[in-house]
Amino acid sequence: MSLSVKSVAAVAATALTLGLCAAPARAAHEHPFQSPAREHPFQSSARTVHEYPFRDPSLPLNRRVDDLLGRLTTAEKVSWLHQYQPAVERLGIGLFKTGTEALHGVAWSTDVDDGGKVVAAEGTVFPQAVGLASTWDPALVKKVGAVVGDEARGYHAENPRLWGLQLWAPVVNPLRDPRWGRNEEGYSEDPLLTGAISTAYGSGIQGDDPDHLRAAPVLKHFLGNNNEVRRDTTSSSLRPRVLHEYEVPAYRTALKAGAATGVMTAYNLVNGRPATVTDLNSTVRTWTDRPVFNVSDAGGPNNLTGSQAYFATQAEAAAAMLKAGVESFTVNDTNGAPTVAAVNEALSKGLLTEADIDTAVRNILGVRFRLGEFDPDGGPYGKITKDVVDSPAHRRLARQVAAGAGVLLKNSGKTLPLSPSQKVAVVGPLADTLYTDWYSGRLPYRVTPLDGIGERAATVTSEGVDRIALKSGGRYLTAGTGAGADLRLSGTSAGATEQFDVFDWGQGIVTLRSVANGRYVSRANWSTLVNNQEQPTGWFVQEQFKLEAQADGTTLLRYAGYETAYDWFGPDKYVRAAPDGTLGLTVAENATRFEREVVRSGVAEAVAAARSADVAVVVVGSMPFINGREDHDRTDLGLAEGQRALVEAVHAANPNTVVILENSYPTTIDRLQDTVPAILWTTHAGAETGHALADLLYGDVNPAGRLTQTWPRAGTPLPDILDYDIVKTGSTYLYSKHSPLYAFGHGLSYTTFGYQGLKAVASGDGHEVSVRVTNTGSRAGDEVVQLYTHQHESRVEQPVRQLRGFQRVRLAPGESKVVRFALRTADLALWDVTRGRFAVEPSTHDVMVGPSSDRIRQRVTVRADGEHIPARDLARVTRASDFDDYAGVELVDETKARGDAVGASAGEWISFEDADFRAGVTGVRLGVAATAAASVEVRLGSPTGRLAGTVPVTATGGTYSWATATAPVSGVRGRQDVYLVFRGALRVKDVTFTR
């Protein structure tokens with residue numbers, strides 16, 4: 001989700017402690033629940049609860065839904081299609097709001113009674129989603145989900161108009177590209193692991209009652225959403241194999257397991273059609289027999305007529321959304337009037353019928369009833385109160401999960417675990433701070449790495465950042481005290497108000513923390529600079545700067561908030577001081593030239609601390625609002641240059657150096673891997689981060705987290721972030737041939753494990769795989785036993801290896817357990833493009849087990865009986881999108897409602913392999929659409945092979961105006977690979993050869 005442009009403009013000025021985008025009005029320190037008490041929505045009517053059948057929980061759900069649906073007027077039903085479903089007081093029904101953010105704890109919601117202002121929760125914040133998945137522990141993640149569901153109920157009990165029970169989480173987009181800005185929100189590059197973790201989280205949120213929901217999880221963001229650059233106008237081209245084998249399973253798994261209640265549609269287009277109107281009825285709804293309640297992402301309905309220009313009117317857009325299976329329009333903030341007007345216009349023009357509205361509202365009610373809203377007692381979860389939030393039990397679980405999510409990347413010479421007798425230098429820019437992210441709530445307390453280690457051992461510390469002063473014309477840049485004030489060029493000496501700590505986040509971006517009050521310099525008032533932010537935050541992150549060294553030895557201060565990338569910002573990005581000392585922005589040539597005085601060298605201070613200690617722990621990593629986040633992909637996988645230099649200097653001073661890397665994505669740290677003895681990775685893990693890290697560093701918890709995506713080596717070529725074809729580009733551990741820095745599934749332990757006696761015994765519809773795992777070390781620990789397969793013979797390119805199962809197993813020293821997996825034959829199926837269905841080919845498969853994808857300990861082979869995929873019969877109508885190979889083309893929409901076609905330009909091609917033409921064919925027929933004349937060459941064997949015929953294509957009148965183009969062909973007989981080579985721009989939806 002993102003907020004609307006209107007909301008963004010409002011929030012950029014405030015969002016102080018939220019770490020979020022928030023509208024002005026509430027003081028930064030004010031608790032979000034210090035608002036007037038409001039009447040519970042289910043207490044707004046004097047009618048008895050048994051007056052209407054829909055209030056009777058003893059009746060079947062369908063009957064209750066039918067009864068309530070029949071009592072609603074058309075106007076009331078239409079009004080419920082907006083995110084804020086208004087109250088129907090005559091029936092005693094209160095407002096229902098969709099969408100409380102709850103990615104790794106209850107995060108935030110928007111207040112209908114305060115202009116849609118963002119209000120942050122202050123409760124249990126668990127590790128970021130990618131960290132939850134790195135536990136490889138569905139049972140533990142289910143406990144996390146249960147806490148999130150309970151706390152959502154607690155907030156709802158206090159203010160049901162603000163805190164809705166439809167939770168927009170989890171994010172299940174597969175992490176196919178490590179540069180994706182929202183990497184922190186997803187689980188894994190593997191669809192099976194993603195499905196397992198999302199199912200665990202969703203089922204925990206929902207609870208185990210068969211008829212009621214603790215809360216209603218919604219899966220984000222359907223479909224093909226892994227880029228932030230131009231995210232509302234780019235199209236994800238998903239060829240059938242990628243769609244069915246990789247993208248869809250992440251969503252289908254959780255819905256099929258009954259662990260989710262709907263999906264949120266993505267901003268992007270999929271195969272040329274906006275995801276907001278991609279058919280959900282023939283996909284999402286078929287994966288479960290439970291009611292499904294789908295929502296759009298924020299602003300998505302307006303994009304259809306705005307940036308995407310897909311429909312001419314909102315009425316057409318609204319009709320398309322409802323027919324596609326989207327029930328709730330997240331748009332226009334709290335104002336439902338435009339949605340109501342668009343739907344009413346669609347009804348009046350015959351684009352929608354009353355039955356369409358009833359279908360949508362029926363789906364909405366299917367979930368609202370399960371939430372207990374219409375039960376007299378609120379259902380089995382209706383008695384949960386705010387007392388559950390941030391309870392001692394939840395704090396203990398947060399600590400356990402944060403420790404379980406840590407991944408030991410390297411540990412040479414038994415550097416870890418540490419001894420409490422060792423004096424520790426805890427240094428680095430993240431040593432004594434904790435950051436929240438865009439989808440975090442507020443931390444009710446903070447245990448930093450320094451805090452956690454300091455409870456175990458004697459410590460010395462340094463953030464390892466330079467403290468500077470900026471001087472020009474004899475005057476210093478001066479900040480305010482207390483809550484901060486506008487910066488001015490006014491100081492006559494470099495006291496505390498003139499000093500700033502410089503934090504390096506890479507690629508020249510720094511933040512400046514004022515020594516005067518410990519707050520960050522920001523342009524949050526959209527005019528001058530002010531030291532008033534507790535952490536970098538907000539949609540535009542206006543705490544970003546660059547210190548640009550000039551040839552004459554001076555420094556320019558460049559403002560680098562994210563809004564500077566937009567055309568409307570203009571060229572004025574450099575700080576200029578007026579004669580009276582006030583600051584403004586101008587172009588570089590008119591900027592003030594500052595002398596940069598280093599008051600304190602961060603590296604020198606950290607080195608001194610390291611030399612005085614037995615061991616140095618350097619905590620480096622990312623700032624979640626800067627280094628990659630919603631609306632901002634990463635362009636560099638490296639650690640910030642200044643942070644890397646800090647680690648190298650500390651290691652040179654104290655060889656006994658441990659690096660804690662605290663970030664949310666793969667990072668190219670090749671040089672650190674080659675030099676420092678120990679590296680521990682964690683996500684931003686919430687209030688208990690420091691305790692969890694200490695538990696890991698001192699061996700109270702034996703590390704067992706595993707990476708959920710590949711970490712590439714520096715210099716590894718990555719495909720265009722907009723290219724979603726992981727098969728053709730060789731992406732993810734499934735298809736990559738590159739040697740990674742850390743492989744998928746990598747993670748070390750303080751003990752060792754042995755694998756013996758792998759067996760794969762035919763059983764039922766597949767094989768029972770078993771292996772004995774033994775703790776061969778001296779410490780108790782968890783091993784994550786991972787099962788992979790590789791298919792030898794296939795019509796198509798197969799994954800190098802593919803995860804088929806995993807178990808996290810606890811073993812005492814010397815203890816052995818037999819770990820068993822059920823490997824179904826159906827699990828080995830591929831998507832057969834020749835027939836449009838899954839098929840298992842007869843083939844030999846390697847069955848492999850080990851602690852990671854690149855450390856296979858045992859392997860056996862099994863034979864899978866299946867069906868030979870027959871030769872193509874191109875004499876039958878064949879969808880062009882079901883090609884075998886291609887160059888340059890992309891998939892596009894056949895119509896605005898459904899169907900895929902191939903969009904091509906001159907020189908591009910598609911191929912259909914192993915077609916059996918028997919005695920031969922004499923002609924070819926293509927379904928085409930073109931805006932100008934073009935042609936299609938039919939070639940055999942290769943794109944430059946023998947020319948069998950050329951199909952002329954005349955302009956058809958538009959990209960959705962389909963016509964038939966034909967031509968004779970010659971010499972097309974027997975088994976052939978057929979290539980359609982395009983000469984000109986056109987679309988092709990199908991191909992048929994004629995005899």
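Excluded from the calculations below are hydrogen atoms, water molecules and symmetry mates; all remaining heavy atoms, backbone and side chain alike, are included.
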For D827, what residues pass the salt bridge (Lys or Arg N to Asp or Glu O under 4.0 Å) criterion, not counting sequence neighbours?
-> R824
Cationic N near anionic O, under 4.0 Å, [X] to [Y]:
{"X": "D990", "Y": "R925", "value": "no"}
{"X": "E937", "Y": "R946", "value": "no"}
{"X": "R239", "Y": "D725", "value": "yes"}
{"X": "D885", "Y": "K728", "value": "yes"}
{"X": "D893", "Y": "R987", "value": "yes"}
{"X": "K220", "Y": "E630", "value": "no"}

Over 12 non-hydrogen atoms of neighbours within 6.0 angstrom of CZ in R975 | yes
More than 12 foreign heavy atoms under 6.0 Å from CZ of R876: is that the case here?
-> no
Atom CZ of R252 and atom OG1 of T286: how far apart are they, to the nearest 0.5 Å?
-> 9.0 Å
Apply side chain to side chain contact (heavy atoms under 4.5 Å, CB included) to K989 and list each qualifying residue two or more places apart in sequence or on a separate chain.
-> R879, E894, A901, W962
Hey, would you say the Y886 and F883 ring centroids sit under 6.0 Å apart?
-> yes
Looking only at side chains, do [X] and [Y] share a donor and an acceptor under 3.5 Å apart?
{"X": "E316", "Y": "T313", "value": "yes"}
{"X": "T708", "Y": "E189", "value": "no"}
{"X": "T729", "Y": "D723", "value": "no"}

Evaluate the criterion ring-ring contact (aromatic ring centres under 6.0 Å, His included) for residue pair Y267 and H221; output intermediate values, then yes/no.
-> CA-CA 8 Å; Y267 283 126; H221 310 84; 7.7 Å; no
Determine, for Y310 and R273, whether the Lys NZ or Arg CZ falls below 6.0 Å from the six-membered ring centre while staying within 45 degrees of the axis.
-> no
Within 45° of the six-membered ring axis of Y246 and under 6.0 Å from that ring's centre, is NZ or CZ of R176 located there?
-> no
Using the six-membered ring wherever Trp is involved, compare the ring planes of [X] and [Y] and label them parallel, tilted or perpendicular (cut-offs 30° and 60°).
{"X": "Y251", "Y": "F222", "answer": "perpendicular"}
{"X": "F993", "Y": "F917", "answer": "perpendicular"}
{"X": "W831", "Y": "H244", "answer": "parallel"}

Is there side-chain contact between F744 and D854, with heavy atoms separated by less than 4.5 Å?
-> no
Evaluate the side-chain proximity of P178 to L637: yes if any heavy-atom separation is below 4.5 Å, no if none is.
-> yes
Scanning both residues in full, the closest heavy-atom pair of P274 with L304 reads CB-CD2, 3.6 Å
Looking at D884, D977, D914, which one forms a salt bridge (charged side-chain N to carboxylate O under 4.0 Å, His left out) with R872?
-> D884
